[in-house]
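Residue numbers begin at 1 in each chain, while the letters A, B, ... track the order of the sequences. Everything quoted here is computed from the prediction, not taken from an experiment.
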Amino acid sequence: MPKWGMVIDLDKCTGCQACTTACAMENNTLPGESWQDVLFYHEGKYPNTSIKWFPRPCMQCENPSCVHVCPTRATYKTDDGVVLIDWNKCIGCKYCMIACPYGVRFYADERPLLEPDIRQAFPGSDGQMWSPPFQNPESDWSKGIGIQPRGVVSKCTFCYHKISKAPAGVTDLDEDDPDLVEYVPACVRTCAPKARYFGDLDNPESKVNELIANKRGTRVFEHTGNKPQVYYLGEHGTVPKFDPQFDDQA
Amino acid sequence: MSVTAEQIPGGPRYSGNTMTATLMLAVGVIGLVIGLIAAWPKFIHGGAALSQGSDMMWGLPVVTYAFLALSSFGVSMVAGVGAVFRIEGWDRIAPRLFTLALGLSIGALAALALELGHAFRTLWAIPLNMQIRSPMLWMGAFWGAYVVFLVWLLLRLRQVDIRDNTVRMLSIAIVLTCVGALFTQGLVYGMMVMRPVWYGAATPLYYWVGSVVTGLGMALLFLNITHRFSHGGLAASKRRVMERHLPVIFLVALVGYAIVVVSRTTAGLWSSAEGVQIVYQYMVASPLFWFEILICLAVPIVFMSMAGLRGNPLIQTTAGALAIVGIFIARYEFIVGGQLVPLWKGSWIPALVEYSPNSVEWGMFLIGVFLAITVYAAGDRFFNTGPHRGD
């Protein structure tokens with residue numbers, strides 16, 4: 001059984017948001033409900049300023065605090081290392097969102113994050129929160145795949161409907177391999193500069209392990225003990241310190 | 001052991017304040033209706049009707065639930081002291097306080113149920129899946145047992161005296177389960193290392209101290225209202241409790257709580273943990289914080305410090321009400337303050353998360369509060385038929 005993980009090379013990432021768009025198209029997420037996002041940060045003060053960006057999927061942690069706090073075990077970790085949500089068990093208490101250091105969980109049953117509210121344009125049917133005309137046919141509420149019902153939390157699944165069907169024994173899911181391309185997560189497959197890699201973290205021969213070892217892969221927010229299964233390469237591998245801009249807010 | 005009203009020690013029976021209970025019931029029902037009207041969009045639009053969202057997950061509804069739950073536990077601890085240790089006079093106020101504790105818990109459960117995405121699913125999903133690592137599970141278990149013991153005790157009190165052995169055992173069970181629920185609720189926040197404003201072993205203790213203050217404040221407020229702001233008709237032992245014991249213990253609790261608040265604020269303002277200092281600076285800069293400290297904490301301390309004043313029913317009521325408001329503000333600052341620092345949101349949220357409750361959330365608050373008042377008043381009006389009738 002593999003332990004799926006992702007490596008993101010920040011030196012190659014251009015911040016184009018193609019991964020964000022591909023994820024939204026693949027998983028039918030609402031505008032603003034970005035299971036995969038690229039965060040932008042401004043650092044420094046004029047004239048010495050810089051902009052940084054940070055692609056951020058769910059970290060699918062080895063020791064996921066969201067799983068530990070969920071009182072109904074709706075959030076669980078699969079044998080192949082992916083954290084999923086059973087929407088049939090989720091009570092919408094949002095404790096997992098509180099406990100996630102990475103802010104990658106969404107409670108879409110809220111005011112629209114972006115206007116206009118697309119849920120009103122495509123009202124939900126069959127229990128779905130909203131029902132757009134074009135949907136991914138893969139849907140499994142016990143794994144948090146598809147369009148969620150109201151009142152539950154959603155998150156990135158590493159495109160579990162794809163990776164769970166990969167042939168046994170595969171070490172890396174490489175979009176350049178025609179035999180494997182259909183099993184590659186949408187964000188990895190669409191990444192134009194090939195900044196993302198997806199493979200088995202338990203296999204020492206995998207490309208992801210090679211990259212982590214040779215390029216000093218790092219994980220973010222290690223102090224929380226969550227041990228993410230998403231590694232970052234490159235000089236941007238730290239999250240900038242939170243520096244609120246009260247003047248801007250005012 | 002079953003006894004008649006005439007056998008109860010502690011002086012003559014006090015005629016029940018039926019009119020007061022009826023008035024409180026009317027106020028409770030009216031408030032409940034106003035709350036339902038204000039919160040109605042929640043029933044139509046679900047979570048989309050609320051101001052809270054993915055950036056501020058736990059807003060005013062959770063603050064309301066936490067406040068009412070902790071108040072219930074505090075009131076039960078106050079009542080439990082009398083019932084468990086059989087302190088003469090103190091045990092006379094216990095039945096009414098246990099009714100208030102039940103009302104507060106029901107109000108808290110209502111606020112929580114309205115906030116949850118799937119409230120009824122909790123009834124089977126939590127017990128059937130048993131995530132024992134979650135403090136929320138243990139809080140629910142302790143709280144559930146606590147409510148069962150409370151109902152059992154109140155039913156039993158309709159037939160027997162407060163000094164009945166089963167009642168005493170149930171009182172002990174209530175105190176133990178409410179302390180368990182109190183501490184596990186503190187752990188719900190205190191275990192979150194990723195939320196540094198909440199994180200720490202002292203958080204459950206902070207909750208406990210605040211809960212005791214609220215319990216005593218609620219006891220003084222509701223008992224004085226029920227007795228129409230007069231201790232004249234009370235039995236000597238009960239009067240002694242109302243005019244001497246409770247105010248002095250309230251003073252000690254207030255001072256202890258003030259020390260905790262000053263310690264937390266000082267530590268927060270000088271903390272080097274990312275985000276903590278900023279949040280405390282933000283809170284201290286708010287007029288709400290100074291209203292909490294100067295009006296809701298310092299004034300009750302001054303009132304209760306003055307021997308000539310602390311026995312006065314109106315002063316007690318004012319001090320109790322102010323302390324309750326102060327603790328509510330503290331719960332709001334704590335729960336909302338712990339989420340003010342956006343977790344990894346980039347430049348889309350350049351400063352602290354902005355949140356202000358909307359009318360629907362205030363409606364949910366009113367539902368919780370007035371449901372508690374309604375249950376208390378209904379208990380006093382319709383079910384106060386046991387040996388303690390009129391106490």
Side-chain angles (χ1 to χ4, degrees), chain A residues 32-33 37-42 51 53-54 56 65 67-74 88-95 97-113 117 119 149-153 220-221 223-226 239 241-250, chain B residues 45-55 57-58 62 112 115-131 133-140 188-189 191-195 198 274-275 278-279 282 338-352 354 358:
Chain A
E33 183 197 359
D37 209 341
V38 180
L39 306 179
F40 283 83
Y41 292 92
H42 303 276
I51 187 168
W53 51 92
F54 217 112
R56 185 216 53 190
S65 48
V67 170
H68 300 326
V69 301
C70 177
T72 65
R73 291 185 194 265
N88 298 310
K89 285 186 189 175
C90 179
I91 59 173
C93 69
K94 293 170 274 184
Y95 197 14
M97 296 172 71
I98 291 284
C100 174
Y102 306 101
V104 293
R105 289 175 161 257
F106 298 86
Y107 189 74
D109 189 8
E110 61 177 337
R111 288 178 304 169
L113 297 175
D117 189 354
R119 293 171 297 191
R150 287 172 72 162
V152 299
V153 173
V220 290
F221 299 164
H223 70 282
T224 64
N226 278 42
V239 181
K241 184 175 171 61
F242 175 66
D243 184 16
Q245 298 154 29
F246 288 111
D247 292 339
D248 290 355
Q249 193 175 36
Chain B
H45 303 295
L50 306 180
S51 188
Q52 63 181 24
S54 289
D55 296 324
M57 285 75 85
W58 288 350
V62 171
L112 179 62
E115 200 273 341
L116 290 175
H118 294 275
F120 291 109
R121 193 176 285 173
T122 58
L123 299 175
W124 63 265
I126 292 180
L128 291 182
N129 293 285
M130 293 294 287
Q131 173 52 288
R133 296 188 67 166
S134 173
M136 202 176 267
L137 171 92
W138 293 108
M139 186 196 69
V188 165
Y189 303 92
M191 288 169 68
M192 297 296 101
V193 68
M194 63 294 295
R195 303 272 177 185
W198 291 346
E274 186 173 338
I278 292 163
V279 168
Y282 179 81
Q339 303 166 76
L340 283 178
V341 174
L343 285 186
W344 221 19
K345 295 293 183 187
S347 293
W348 281 288
I349 303 181
L352 299 175
E354 290 184 24
N358 63 12

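A side-chain contact (heavy atoms from CB on, under 4.5 Å) with Ser54(B) is found for exactly one of Glu33(A), Lys94(A), Met97(A), Arg105(A), namely Met97(A). Each of Met136(B), Met139(B), Arg133(B) was compared with Pro71(A) under the side-chain contact (heavy atoms from CB on, under 4.5 Å) criterion, and only Met136(B) meets it.
Residue contact with chain A, scored on non-hydrogen atoms closer than 4.5 Å, is absent for Met191(B). Using a 4.5 Å cut-off between heavy atoms, Cys70(A) touches chain B through its backbone atoms (N, CA, C, O) alone. The contact between Ser65(A) and chain B is made entirely by side chain atoms (from C-beta outward), counting heavy-atom distances below 4.5 Å.
Chain A forms more heavy-atom pairs under 4.5 Å with one residue of Ile126(B), Val193(B), Leu137(B) than with any other, namely Ile126(B). Taking chain A as the reference chain and counting heavy-atom pairs below 4.5 Å, the highest number among Gly140(B), Pro127(B), Pro135(B), Ala125(B) is found for Ala125(B). Here Ile91(A) is the residue among Ile91(A), Thr72(A), Asp109(A) with the most heavy-atom pairs under 4.5 Å with chain B.
Within 6.0 Å of the CH2 atom in Trp138(B), the count of heavy atoms belonging to other residues, nucleotides or ligands does not exceed 12.
The shortest non-hydrogen separation linking Val69(A) to Met192(B) is CG1-CE, 3.7 Å. Between Tyr95(A) and Val188(B), the shortest heavy-atom contact is OH-O, 2.6 Å. Contact detail for Ala99(A) and Met194(B): the closest heavy-atom pair is O-CE, 3.0 Å.
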In residues 116-124 of chain B, what donor-acceptor pairs under 3.5 Å come from side-chain atoms, sequence neighbours left out?
{"unit_1": "His118(B)", "atom_1": "NE2", "unit_2": "Arg150(A)", "atom_2": "O", "d": "2.8"}
{"unit_1": "Arg121(B)", "atom_1": "NE", "unit_2": "Asn88(A)", "atom_2": "O", "d": "3.4"}
{"unit_1": "Arg121(B)", "atom_1": "NH1", "unit_2": "Trp87(A)", "atom_2": "O", "d": "2.9"}
{"unit_1": "Arg121(B)", "atom_1": "NH1", "unit_2": "Cys90(A)", "atom_2": "O", "d": "2.7"}
{"unit_1": "Thr122(B)", "atom_1": "OG1", "unit_2": "Ala119(B)", "atom_2": "O", "d": "2.4"}

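Looking only at distances, a side-chain donor or acceptor of Gln131(B) sits under 3.5 Å from a matching main-chain atom of Val67(A). Judged by distance alone, the side chain of Arg111(A) and the main-chain N or O of Gly53(B) form no donor-acceptor pair under 3.5 Å.
Side-chain contact between Tyr107(A) and Met57(B) is absent, with no heavy atoms from C-beta onward closer than 4.5 Å.
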